[in-house]
Amino acid sequence: MTVKAMRRAFVTAATVIAVAASATACGSPQETATGGGDATAPVKVGIVYSQTGALASYGKQYLDGFKAGLAYATDGTNKVGERAIEVTEVDDAGDPAKAVSAAKDLIGKGTKIIAGSTASGVALQVAPLAAQNKVLFISGPAATDAVTGVNKYTFRSGRQSYQDVMTAKSFIGDAAGKKVVVFGQDSAFGKSNETAVKAVLGGAGATVSSVLAPASATDFTPFASQLKTAKPDLLFVAWAGTTAPAMWQTLDQQGILASTTVVTGLDIRASWPTFGAAGTKISFLSHYFDGASDNPAAQAAKKAVGGTLDLFHPDGFTAAQMVVRAVQEGGDDVDKMIGALEGWSFDGVKGKMTVRAEDHALLQPMYQATLTGSGDQLTAKLEKALTPEEVAPPAAAMKG
């Protein structure tokens with residue numbers, strides 16, 4: 001697909017694809033955990049996520065995926081050996097302060113595994129807490145690159161912004177001499193994408209600048225004017241949440257989509273109709289969509305969630321598989337859990353996945369997609385699957 005053919009391409013940086021680990025890759029879940037501790041006591045796992053708030057739809061997909069993944073990884077028993085996986089769900093509403101309070105409460109009750117973090121800002125606050133208390137933290141849809149390598153106790157079950165941007169780069173070819181503008185929210189997610197675009201496309205010879213809007217913004221006309229004045233060769237949009245329809249409508253009304261190549265990620269299915277008539281003219285980068293892969297893990301996940309997978313189902317599914325792997329190999333010993341996950345390769349919902357030992361980046365496939373149909377009948381079509389190696393972020397030094 002040429003750059004010319006994608007003149008009006010959108011490629012979503014808000015898109016995500018998560019990976020699910022295959023149960024066979026980590027041995028039988030019915031085996032007794034080898035890391036010590038009470039062989040029959042329940043394993044306490046805390047899920048701190050956005051049950052409510054701006055990212056509640058993402059959170060629901062994550063949780064549904066987690067439940068599906070736990071059933072898959074344990075052959076429907078929700079046990080590792082004789083030990084039941086006891087899951088406690090807590091709503092952080094996307095608020096870092098609430099997430100930290102919830103995590104502290106769970107840790108105080110003996111929970112050694114925390115998962116979730118729908119929002120990047122939440123993940124960045126929970127990660128240091130995990131290191132301070134020496135518990136395992138598996139971040140979820142939160143895409144900020146800063147989670148990778150933040151400390152040895154922190155892992156991730158989804159993709160990161162750098163992988164989004166590498167997928168975007170695959171659409172435009174040679175970036176040398178191009179003018180690129182990043183349009184995003186003034187948030188951890190938006191800034192993470194800004195940093196990634198500067199590193200990837202700027203490193204490839206493009207001149208990169210940014211326009212960041214407050215997360216609370218509802219009038220996007222002033223920002224559209226700035227973008228139009230900038231006249232970029234490529235506009236990279238990093239957006240998440242309920243204001244996306246108004247943002248896209250404004251960019252379209254102001255002629256941005258007709259005047260430059262716009263790159264953004266393919267968000268959840270419910271958002272697709274917001275692109276309107278432009279939807280079928282767009283090329284998307286995608287973390288995941290229904291039909292992007294077809295393997296035993298994907299088939300099991302699809303059946304468990306009701307027949308259609310969406311953007312963040314794989315993130316939850318993968319998190320559950322990582323939990324089972326950690327408990328099976330580590331028991332109650334968090335250091336052994338960490339060792340069991342570091343360097344682990346497995347076949348997940350998206351295909352081959354690897355937890356990179358050096359910094360806990362989750363190496364995974366990413367996708368190019370187009371939409372066909374109209375209105376609420378849009379269907380995503382896979383154009384190209386990029387290998388984990390093609391989109392891999394550079395290894396980061398472990399900070400703690």
Please determine whether side chain to side chain contact (heavy atoms under 4.5 Å, CB included) holds for the pair Leu311 and Gln61, giving the CA-CA distance in whole Å, both sets of side-chain angles, and the decisive distance to 0.1 Å.
CA-CA 8 Å; Leu311 186 62; Gln61 289 181 12; 4.0 Å; yes
Minimum heavy-atom separation for Tyr153 and Ile338, please, with both atom names.
CD2-CD1, 3.7 Å
Take Thr52 and Asp91 through the test side chain to side chain donor-acceptor pair (under 3.5 Å) and record every step on the way to the result.
CA-CA 7 Å; Thr52 61; Asp91 179 20; 2.6 Å; yes
Flag, side chain of [X] to backbone of [Y], donor-acceptor distance under 3.5 Å:
X: Arg325; Y: Ala340; result: yes
X: Asp92; Y: Lys98; result: no
X: Gln125; Y: Ala97; result: no

Going by heavy atoms in the side chains, are [X] and [Y] under 4.5 Å from each other?
X: Val349; Y: Tyr288; answer: yes
X: Ser210; Y: Phe236; answer: no
X: Lys198; Y: Val208; answer: yes

Is the closest basic N to carboxylate O distance between [X] and [Y] below 4.0 Å?
X: Asp164; Y: Arg159; result: yes
X: Arg83; Y: Asp332; result: yes
X: Asp347; Y: Lys352; result: no

Is there a path of hydrophobic side-chain contacts, each under 4.5 Å between heavy atoms, that joins Leu251 and Leu266?
yes
Parallel, tilted or perpendicular: which fits the ring planes of Trp239 and Phe220, with parallel below 30° and perpendicular above 60°?
perpendicular
Mutual orientation of the aromatic rings belonging to Tyr58 and Phe312 [parallel < 30°, tilted 30-60°, perpendicular > 60°]
tilted
For the pair Ser161 and Ser192, evaluate side chain to side chain donor-acceptor pair (under 3.5 Å) and give the outcome as yes or no after the intermediate values.
CA-CA 6 Å; Ser161 296; Ser192 175; 3.1 Å; yes
Do Thr77 and Asp75 pair up side chain to side chain, a donor and an acceptor below 3.5 Å, judged on atom types alone?
no
Is it true that Ser170 and Glu390 share a donor-acceptor pair across their side chains at a distance under 3.5 Å?
no
